[in-house]
Amino acid sequence: ELKVEQNPLFLSMQEGKNYTIYCNYSTTSDRLYWYRQDPGKSLESLFVLLSNGAVKQEGRLMASLDTKARLSTLHITAAVHDLSATYFCAVISNFGNEKLTFGTGTRLTIIP
Amino acid sequence: KAGVTQTPRYLIKTRGQQVTLSCSPISGHRSVSWYQQTPGQGLQFLFEYFSETQRNKGNFPGRFSGRQFSNSRSEMNVSTLELGDSALYLCASSPGGAATYEQYFGPGTRLTVT
């Protein structure tokens with residue numbers, strides 16, 4: 001069964017600092033998503049990563065995928081308060097029943 | 001293009017009752033998936049429907065069921081509600097199968113079971 005782990009689970013960081021959220025998964029996958037969720041809200045799609053070495057950037061967020069290491073990272077550059085949210089990675093296995101399996105989420109709080 | 005819509009947005013039910021939630025996908029999308037989100041278990045896949053057929057199912061008891069209509073709208077039903085069914089239920093639609101196409105999520109239905 002596919003397992004997806006994120007770390008850290010909680011992250012408080014000061015505005016202006018850089019940090020990285022890690023997403024590890026347990027089986028072969030070429031399809032990984034990053035989502036953002038604000039409290040009480042639905043999921044907003046951030047990035048779709050479809051191949052080894054894929055890198056995508058939007059504003060202060062950059063996501064990358066290393067399928068050999070089964071690892072994706074979400075890097076935050078010069079954090080601002082508006083980035084405070086919970087971030088999820090989600091993976092679809094290349095094998096098995098192809099359901100979207102979510103990580104535990106990382107609750108990010110940006111402190112002024 | 002209108003996004004995924006879910007009704008109702010909030011619902012309070014009593015243990016033992018049943019509930020039906022509705023999801024209207026983005027126009028032209030044929031796949032609808034349902035997810036349950038709780039603080040303890042996180043986001044968990046319930047099932048996926050594609051062209052009125054259940055393609056995939058998560059590890060939930062038979063009390064959880066769903067269906068999809070010819071216009072791609074989907075409903076999920078939970079019978080004999082338990083306190084642990086309190087959750088945010090999210091549906092997502094995609095143009096084709098969820099394994100291949102990006103999913104777009106609706107606003108969710110917040111179900112509280114008392």
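So you know, we letter chains A, B, ... as the sequences are listed, proteins then strands, and number each from 1. Keep in mind that what you see is a predicted model, and the values were worked out from it rather than measured.
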Legend entry - Among the listed options B:Gly42, B:Gly108, B:Pro107, the residue most often paired with chain A at heavy-atom distances under 4.5 Å: B:Pro107
Inset, instruction - Mind running salt bridge (charged side-chain N to carboxylate O under 4.0 Å, His left out) on B:Asp85 and B:Arg63 for me, showing each step along the way? - result: CA-CA 10 Å; B:Asp85 298 333; B:Arg63 300 186 296 108; 2.8 Å; yes
Legend entry - Interchain contact, B:Leu43 with chain A, by part (heavy-atom threshold 4.5 Å): both
Inset, instruction - Give, as side chain, backbone, both or neither, the part of B:Gln37 having an atom under 4.5 angstrom from any heavy atom of chain A. - result: side chain
Inset, instruction - Can you label the angle between the B:Phe105 ring and the A:Tyr35 ring as parallel, tilted or perpendicular, going by 30° and 60°? - result: perpendicular
Inset, instruction - Counting only heavy atoms closer than 4.5 Å, note whether B:Tyr104 contacts chain A via side chain, backbone, both or neither. - result: neither
Legend entry - Any side-chain donor near an acceptor of the partner, A:Ser64 and A:Thr73, under 3.5 Å: yes
Inset, instruction - Measure B:Glu102 against the heavy atoms of chain A and call it side chain, backbone, both or neither at under 4.5 Å. - result: both
Inset, instruction - Give the member of B:Arg110, B:Glu48, B:Gln103 that has the highest number of heavy-atom pairs under 4.5 Å with chain A. - result: B:Gln103
Inset, instruction - Say whether A:Thr20 and A:His75, considering side chains only, have a donor N or O and an acceptor N or O under 3.5 Å apart. - result: yes
Inset, instruction - Any chance you could lay out the side-chain contact (heavy atoms from CB on, under 4.5 Å) test for A:Leu49 and A:Lys56, step after step, and finish with the verdict? - result: CA-CA 8 Å; A:Leu49 302 169; A:Lys56 291 198 174 177; 4.0 Å; yes
